[in-house]
4 protein chains.
Amino acid sequence: MARGVNKVILVGNLGNDPEMKYTQGGMAICTLSLATTSVRKDKDGNTQERTEWHRVKLFGKLGEIAGEYLKKGRQVYIEGSIRYDKFTGQDGVEKYFTDIVADEMQMLGGGEGRGEARAERSERPQRSAPPRREVPAAAKADFADDFADDDIPF
Amino acid sequence: MARGVNKVILVGNLGNDPEMKYTQGGMAICTLSLATTSVRKDKDGNTQERTEWHRVKLFGKLGEIAGEYLKKGRQVYIEGSIRYDKFTGQDGVEKYFTDIVADEMQMLGGGEGRGEARAERSERPQRSAPPRREVPAAAKADFADDFADDDIPF
Amino acid sequence: MARGVNKVILVGNLGNDPEMKYTQGGMAICTLSLATTSVRKDKDGNTQERTEWHRVKLFGKLGEIAGEYLKKGRQVYIEGSIRYDKFTGQDGVEKYFTDIVADEMQMLGGGEGRGEARAERSERPQRSAPPRREVPAAAKADFADDFADDDIPF
Amino acid sequence: MARGVNKVILVGNLGNDPEMKYTQGGMAICTLSLATTSVRKDKDGNTQERTEWHRVKLFGKLGEIAGEYLKKGRQVYIEGSIRYDKFTGQDGVEKYFTDIVADEMQMLGGGEGRGEARAERSERPQRSAPPRREVPAAAKADFADDFADDDIPF
DNA sequence: TTTT
DNA sequence: TTTT
């Protein structure tokens, strides 16, 4: 339920391996650095490239799958929403962050030894049993547990 | 032409009237502050709202139309891409900005005295003849002029 | 979970009031006829319009909300997927249908007496208690019951 | 310019090599058969798959690039719109077709010998010089010619 | 800062 | 069949 639409669709390549963290409650938080590059010709006919590096967050089971299967360089489809956050550092300086919170992830390219995974985020992040346990390549079906609300970082 | 997909779809309401600027070359830059609100129930069953304020930039003719027809409170559909920028202030502190660069805009809601406009951005921002001239409600057809590349702020 | 992405985003106006049906199990099936119009200039500079009429299906609680709040003429945002079906009539002739199966719906325009509703479809269609009962304007939170699989028409 | 939004985003694999046709004016029409598969668990916990076969049309230069680089089995990203058509056969029977008209195409998977291509459709289909000529892998930049309107099949 |  |  909401008022408005906040939707992001990305296809890009990972600049690094996924970074994994876990909340006290054991929920996975996976952070991806995802590159999308646009190209245009300038007035001299030269090709100008510009790369955006998106910080993508995946929570719960979706984050576990991402951490398990994604690797630096891998191409991935992400669907989610934009979230803007502001923190004040110890130095009193305000810092701004923009994240893409993923609802859905799909590995692209298939092929040799690349595995296959796709998952969608349930209504809200779900407890993952023991962190880093073996995760099936295709998730989403058994998002079913409940989470202590304090665990959810948004 | 590009490598990857960087697509944003927003439906929200304007928190303020559009802000207009013009480059030296006369190209319009319209900035919108657009709210999207998501709602979820916390563990106590209370409704939790969270509003994201998107900074949306519209260039050239699309920006002129936005400036002409949009008003505070108005509901609008935006399609575009995410752009991350970093500037270093005179104090030496780095500042980060995230913009949604609009490719397409459509006013929603119709009705009494609300006008109607929809436009898409051409390949790259286009020179607008004299700034603030009368703009037809429905644009896109005559994006045809050329721009000095220095005018394009990205 | 899936292989591939099949996503549709529509903003349009209803050509008629919603059509409601219910499965034997009591699940609502709401069908909308939604118009989207594109415009282009032909070589003579004349404006050419073309309207697509989308057949949108909303199941379960999402369908109940649509049936309750939407009316002919109303503007609506739909997110969903395309589904192609083939039936063979009694005359032995094959008939093809294309539906947009909605995952999410949001009424647009707000304003006087138009109500407000937004909902998302849960993993799979959910049983609605008694058909046509009073439905809150904003759903999605309590998609929780289970459905006999025979009820699900896809 | 338009009233409404009619947007489709697909990621899928080609069931066949692209089919190429050319209008009398020499414009390429490329037709793809693109599979997207969704998976859900039925009440017995069995995995149920359903595959949609989308008929995707790419016109002009975009169609030439598709014809040149895509092959059966290849994974591709398509952005476009839905178009419904009705024809009456010689037998007097009405036939219905649903096409996805592509505005943008991007080959996925990259890697060994797979080439790389992405293109966007210009405002309206553009004349391609000689059909089947050598086409650069990344298009979109020089969509510039004009087309006899009769050539455009929609 | 919007909207319902 | 809608809407502007």
Side-chain angles (χ1 to χ4, degrees), chain A residues 1-6 84 86, chain B residues 10-19 31-39 47-56 65-66 69-78 100 105-119 136-140, chain C residues 10-19 31-39 47-56 65-66 69-78 100 105-119 136-140, chain D residues 1-6 84 86:
Chain A
M1 198 183 76
R3 292 190 301 286
V5 173
N6 173 1
Y84 308 99
K86 184 172 78 176
Chain B
L10 303 174
V11 174
N13 294 277
L14 298 193
N16 284 302
D17 285 346
E19 290 174 29
T31 304
L32 307 177
S33 187
L34 190 67
T36 60
T37 300
S38 59
V39 183
T47 294
Q48 298 291 348
E49 291 205 351
R50 182 186 160 106
T51 296
E52 308 300 333
W53 286 99
H54 308 269
R55 192 168 75 154
V56 179
I65 294 169
Y69 290 92
L70 296 179
K71 292 289 169 208
K72 178 177 176 173
R74 187 75 208 242
Q75 192 180 36
V76 69
Y77 170 92
I78 293 287
I100 309 305
M105 182 270 293
Q106 183 157 356
M107 294 168 62
L108 300 175
E112 338 62 53
R114 290 184 175 180
E116 162 74 28
R118 195 217 213 216
K140 176 186 174 183
Chain C
L10 302 175
V11 174
N13 294 278
L14 298 194
N16 284 303
D17 286 345
E19 289 174 30
T31 304
L32 307 178
S33 187
L34 189 66
T36 60
T37 300
S38 59
V39 183
T47 294
Q48 298 290 349
E49 293 204 351
R50 183 186 159 104
T51 296
E52 308 300 332
W53 286 100
H54 308 270
R55 192 167 76 154
V56 179
I65 295 169
Y69 289 93
L70 296 180
K71 291 288 169 208
K72 177 177 176 173
R74 187 74 207 241
Q75 192 179 36
V76 69
Y77 169 93
I78 293 286
I100 308 304
M105 181 271 292
Q106 184 157 355
M107 294 168 61
L108 300 174
E112 340 60 57
R114 290 184 176 179
E116 162 75 27
R118 194 216 214 216
K140 174 187 173 181
Chain D
M1 197 182 77
R3 290 190 303 284
V5 173
N6 173 359
Y84 309 98
K86 184 174 78 176

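Letters A, B, ... mirror the listed sequences (proteins, then strands); counts begin at 1.
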A.B. asks: Rounded to whole angstroms, how far apart are CG on B:Leu14 and P on E:dT4?
C.D. replies: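 Checked: the CG to P distance equals 13 Å.
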
A.B. asks: Provide, to the nearest angstrom, the distance between the CG atom belonging to C:Leu34 and the C1' atom belonging to F:dT1.
C.D. replies: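 Whole-Å distance recorded here is 11 Å.
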
A.B. asks: What is the separation between atom CH2 on B:Trp53 and atom C1' on E:dT3, rounded to the nearest whole Å?
C.D. replies: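 Rounded to whole Å, this separation is 8 Å.
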
A.B. asks: Within this structure, what is the CG-to-C1' distance between B:Leu70 and E:dT2, rounded to whole angstrom?
C.D. replies: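 That distance rounds to 13 Å.
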
A.B. asks: From the set E:dT3, E:dT1, E:dT2, return the single nucleotide nearest to any side-chain atom of B:Asn16.
C.D. replies: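 From the listed options, E:dT1 comes nearest.
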
A.B. asks: Main chain of C:Leu108, side chain of C:Arg74: is a donor-acceptor contact present, judged purely on distance under 3.5 Å?
C.D. replies: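 Indeed, once roles are kept as given, a pair shorter than 3.5 Å links the two residues.
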
A.B. asks: To the nearest Å, how far apart are B:Leu108 CG and E:dT4 C1'?
C.D. replies: 15 Å

A.B. asks: From C-beta outward on D:Arg3, which listed nucleotide comes closest to its side chain: E:dT2, F:dT4, F:dT2?
C.D. replies: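 So the nucleotide nearest the side chain must be F:dT4.
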
A.B. asks: Starting at atom CZ of B:Arg74, determine the distance to atom C1' of E:dT2, rounded to an integer number of angstrom.
C.D. replies: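 These atoms are roughly 13 Å apart.
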
A.B. asks: Would you mind classifying the nucleic acid contact of B:Thr36 as base, sugar-phosphate or nothing, using non-hydrogen atoms under 4.0 angstrom?
C.D. replies: nothing

A.B. asks: Is a side-chain donor or acceptor of B:Gln75 paired with a backbone partner of B:Val11 at a separation under 3.5 angstrom?
C.D. replies: no

A.B. asks: Given the structure, check if the side chain of C:Thr37 and the base of F:dT3 hold any donor-acceptor pair shorter than 3.5 Å.
C.D. replies: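 No.
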
A.B. asks: A side-chain contact here means heavy atoms from C-beta on lying under 4.5 Å apart; do D:Asn6 and C:His54 qualify?
C.D. replies: yes

A.B. asks: Kindly indicate whether the side chain of B:Leu70, heavy atoms from C-beta on, has any atom under 4.5 Å from the side chain of B:Met107.
C.D. replies: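 Yes; the side chains approach each other to less than 4.5 Å.
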
A.B. asks: In whole angstrom, what separates B:Met105's CE from F:dT4's C1'?
C.D. replies: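 Rounded to the whole Å, the gap is 15 Å.
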
A.B. asks: Roughly, in whole Å, what's the span from CG in B:Asn13 to P in E:dT4?
C.D. replies: 7 Å

A.B. asks: Quick one: which of E:dT2, F:dT2, E:dT1 gets closest to the side chain of B:Ser33?
C.D. replies: E:dT1

